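Remember, it's a predicted structure, so these values are computed and weren't measured experimentally. In what follows, chains carry the letters A, B, and so on, assigned in the order in which the sequence lines appear, proteins first and then strands, with residues in each chain numbered from 1.
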Amino acid sequence: MKDKIRKLLEDALPLVDFDAPFLFSELDSLGVTTILMILADEFQVTMEATDATPRNFKNIDSLQSLVSRKLREREKQEEVKSPTNP
Amino acid sequence: MNCLEDYIRLHAAKQPEKVALICNDDRLTYADLNKSVDARVANLRNQGYSPGKVVCLRAEASAAFLVTYFALHRIGCIPAPLEQDMPQHVFEAVEAGLHRHSCPEGTADVLYTTGTTGRSKGVMISTDTIIANAENLIEGQGFTPELAFVINGPLNHIGSLSKVYPNILLGATIIIVDGLKNLDRFFDAFELLDTKYATFLVPASIRLLLQFSQKRIASLADKIDFIETGAAAIAENDMQALCRLLPHSRLYNTYASTETGIIATHNWNNGNCTSGCLGKPMPNSQVFITDDGLIACKGRTLMTGYIGDPEQTNSILRNRTIYTADLGSIDSNGCLHLKGREDDIINVGGFKVSPTEVEEAALSYPAVRDCICTSTPHAITGQALKLIVVLHEGEILDKRALALHLRKKLETYKVPMIYQTADKIQRTFNGKINRKYYRQEANGHTQ
């Protein structure tokens, strides 16, 4: 997943150094939004403005963690919607 | 009262404890602001600043920037606020160019705007123009002394800088936020004071907020007095979405430019949610459409001219009228409608970019033999820049290296997001780049 995220983001934001020590400081508002949109589209998860924190946008690893967390949340919601009876 | 700085002094005397300016940890009352401006005046005079001098400064989103801006006016200097991330060599070139020219009596600011030739042009704004713009906004949009206005855009652009004018004139509060990168910080600004709020958002910022923050916008419905947009076309879907989220707020679409000033505005949350409608001219402005279908403006808000460029000035400013490159019409109710632009300028989220300037920078990259800068639809900014390059034989496109090369020569918003290689660039019979071909291609009309 990490390589996929890197490739997608590097392609969309050619000016950004995704190996920078603190990715958030490399981005402007358009960069932050672009990343949220790409991750939401690619992994079919719901992103909110509150997800655009310096902590979540520290580096590619933290973005991967954000996506993993969102995927788990989605799975839980799907389980609640269609509970499987024993 | 002749200028904004007179109003700062007036409010410092009449309502010294009223909050004038909030930015990060700085919170200045009108008394504080007046005192800070006076201190900065003394400091600048000691450094040799004298009336009539044009002074370049980076338009940082800070209280210090506005204090210096007001102090320069109080001395009689002419501030020329520039993009805060402008490459240093470009900043120095602009500064050197400005020092070769002088401004006419009454000039308050020199604001830089994108020219069709690829070179930025310094627009001279008079003190009276600033007051006329303030009066237009107060009358046209209902600014009040109780308002807290959140400025989130670059202070060297008329869209954001012009919001300083009515708020200072009325003794209202200005809150400065550095862009929308940290959306929490932007929304937190609306919690700082117990009063009504307003803000200016370019259509790209509205799209961004609608994409990720609908609940938070809706939670501010009772606090937001009005929102203004402008600088680019806003989609009707986004206008309707904002009406649903903020049913009681006034939502304005404004026609303005650095050259014309603030001309017309339309509240689309008042039963007429029509894309492209920019309302009736404000009190200090008049508008008409030329025989070629272009918008022309008259009134006190017009620029004095381009600094050091009488030829360019005469090309658009004649008989106290500015002839724009915007195509428009006026309906039977007297409302102005914008239909597009006649020139090659590309509008990226409210920032106007001359493709020629980008192409000149790209051609200085060793691997690039030929290129064209064009646009492509973008989900947030409406349009994004696309650079199509023809490479020298044996070269491979290194997108990031080319982007970084361009960044050294241009402001960030002028660096294309999309890169593509081609075997050749389409040209017209006389060798000029066939921009029409690429515009049609972007719209899916080429065969």
Side chains of [X] and [Y], donor plus acceptor under 3.5 Å:
X	Y	answer
B:R58	B:Q88	yes
B:H378	B:T381	yes
B:T412	B:R407	yes
B:N152	B:R185	no

Would you mind telling me which of [options] has the largest number of heavy-atom pairs within less than 4.5 Å of chain B?
options	result
A:L13, A:L36, A:T53	A:L36
A:D17, A:V32, A:D51	A:D17
A:T33, A:T34, A:L15	A:L15

- Task: Output the option from B:D184, B:L183, B:L208 having the highest count of non-hydrogen pairs under 4.5 Å with chain A.
- Result: B:L208
- Are the side chain of B:K399 and the backbone of A:D11 linked by a donor-acceptor contact shorter than 3.5 Å?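 Side chain of B:K399 to backbone of A:D11: a pair is present.
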- Which atoms of B:Y419 come close to chain A, meaning under 4.5 Å heavy atom to heavy atom: side chain ones, backbone ones, both, or neither?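 Only the side chain of B:Y419 comes within 4.5 Å of chain A.
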- Note on the structure: Cut-off 4.5 Å, heavy atoms of chain A, and the answer for B:I380 is side chain
- Query: Is it the backbone or the side chain of A:A12 that comes under 4.5 Å from a heavy atom of chain B, or both, or neither?
  - Reply: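 Contact with chain B: backbone only.
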- Query: Would B:K181 count as a cation-pi partner of A:F24, with NZ or CZ less than 6.0 Å from the six-membered ring centre and within 45° of the ring normal?
  - Reply: yes
